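Presented below is the structure to which this report refers.
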Amino acid sequence: MLVRDAMSTVVLTIGPAHTLRQAAALMSARRVGAAVVLDPDGTGIGILTERDVLNSLGLGQDPDSERAHAHTTTDVVFAAPSWTLEEAAAAMAHGGFRHLIVLDRGEPAGVVSVRDIIRCWAPRRERAEHVPA
């Protein structure tokens, strides 16, 4: 199975000036765990995850004044739609993260998460366990 089969095509994009509260509200409304941060004048494409928001709150920072750019990961590993789920899972395990931005022709086409991969693998493994011997 390929990344294109598992990825969410609901790509929440925000700008670097969004506050963490705004980003969290948008992620919650869209039911996604990450936002793609587009900064055409700066770092390009980055990612802000729910963990980034949580870490900021844990440090006692004000979500109404903290801006996305200060918490965005800009050293991003991108996936291609043609990657296998095994390649995506290996990249996540190696990098210690749970989301990959999927680029198609240089543009964000989706996000694949650990949860997306598990959803694809779990039914297949369940069926294999229930096959009579």
Side-chain angles (χ1 to χ4, degrees):
M1 188 167 278
L2 302 179
V3 165
R4 77 171 47 90
D5 303 317
M7 71 183 192
S8 170
T9 56
V10 175
V11 181
L12 172 60
T13 59
I14 64 171
H18 275 81
T19 67
L20 291 187
R21 183 177 307 280
Q22 290 169 325
L26 290 167
M27 286 190 282
S28 178
R30 298 258 178 97
R31 302 179 50 89
V32 297
V36 175
V37 182
L38 298 179
D39 187 1
D41 299 325
T43 57
I45 300 173
I47 191 166
L48 179 76
T49 68
E50 56 200 359
R51 183 170 303 236
D52 297 322
V53 175
L54 184 64
N55 287 340
S56 175
L57 292 174
L59 291 171
Q61 296 174 334
D62 180 3
D64 292 313
S65 62
E66 287 297 311
R67 302 293 171 177
H69 70 83
H71 302 277
T72 297
T73 300
T74 56
D75 184 18
V76 179
V77 175
F78 298 103
S82 59
W83 278 18
T84 66
L85 293 185
E86 288 80 6
E87 288 173 304
M92 289 177 186
H94 179 74
F97 42 81
R98 299 178 300 179
H99 298 86
L100 287 171
I101 299 171
V102 182
L103 291 185
D104 191 10
R105 297 180 184 96
E107 296 294 323
V111 174
V112 65
S113 69
V114 170
R115 182 175 292 166
D116 296 327
I117 293 171
I118 290 170
R119 281 187 189 133
C120 290
W121 283 349
R124 191 170 61 200
R125 290 202 174 117
E126 261 182 32
R127 285 193 301 266
E129 291 174 5
H130 290 89
V131 173

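Computed from a predicted structure; not experimentally measured. Positions are given from 1 along the sequence.
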Do [X] and [Y] land in one hydrophobic cluster if side-chain heavy atoms of ILVMFWY residues count as linked below 4.5 Å?
| X | Y | answer |
| --- | --- | --- |
| F78 | V112 | no |
| I117 | V102 | yes |
| I14 | L57 | yes |
| L54 | L20 | no |

Taking all atoms of both residues into account, what is the closest heavy-atom pair of [X] and [Y], and its distance?
| X | Y | result |
| --- | --- | --- |
| Q22 | H18 | OE1-CA, 3.3 Å |
| A6 | L85 | CB-CD2, 3.7 Å |
| P108 | L38 | CG-CD2, 4.3 Å |
| L100 | A79 | CD1-CB, 4.0 Å |
| V114 | F97 | CG2-O, 4.5 Å |
| A88 | V3 | CB-CG2, 3.8 Å |

Backbone N/O of A91 and side chain of H94: donor-acceptor pair under 3.5 Å: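 Not at all, since once roles are kept as given, no pair shorter than 3.5 Å links the two residues.
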Test item: P81 and L2 side chains (from C-beta on) under 4.5 Å apart, heavy atoms: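 Result no, sub-4.5 Å side-chain heavy-atom pair not found.
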Sequence neighbours left out, cut at 3.5 Å: what donor-acceptor pairs do the side chains of residues 46-53 make with other protein atoms?
residue, atom, partner, partner atom, Å
T49, OG1, R51, N, 3.3
T49, OG1, D52, N, 3.3
T49, OG1, D52, OD2, 3.2
D52, OD2, T49, N, 2.8

Within residues 96-115 or reaching into it, pairs that qualify as side chain to side chain donor-acceptor pair (under 3.5 Å) - sequence neighbours excluded: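 Residue pairs with at least one partner in residues 96-115: S113-D116.
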Which atom pairs, one a donor and one an acceptor, fall under 3.5 Å between side chains of residues 68-77 and the rest of the protein, sequence neighbours left out?
residue, atom, partner, partner atom, Å
H71, NE2, E66, OE1, 2.7
T72, OG1, A68, O, 2.6

Set of side-chain hydrogen bond (donor to acceptor under 3.5 Å, both in side chains) partners for S56, sequence neighbours left out: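 Once residues adjacent in sequence are excluded, the partners of S56 under the side-chain hydrogen bond (donor to acceptor under 3.5 Å, both in side chains) criterion are Q61.
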With a cut-off of 3.5 Å and sequence neighbours excluded, list every side-chain donor-acceptor pair involving residues 25-34.
none

Where at least one partner belongs to residues 8-29, residue pairs that pass salt bridge (charged side-chain N to carboxylate O under 4.0 Å, His left out), sequence neighbours excluded: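 Sorted pair list: R21-D64.
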Identified side chain to side chain contact (heavy atoms under 4.5 Å, CB included) counterpart of I101 within the set I45, V37, V11: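 Only match with I101 under side chain to side chain contact (heavy atoms under 4.5 Å, CB included): I45.
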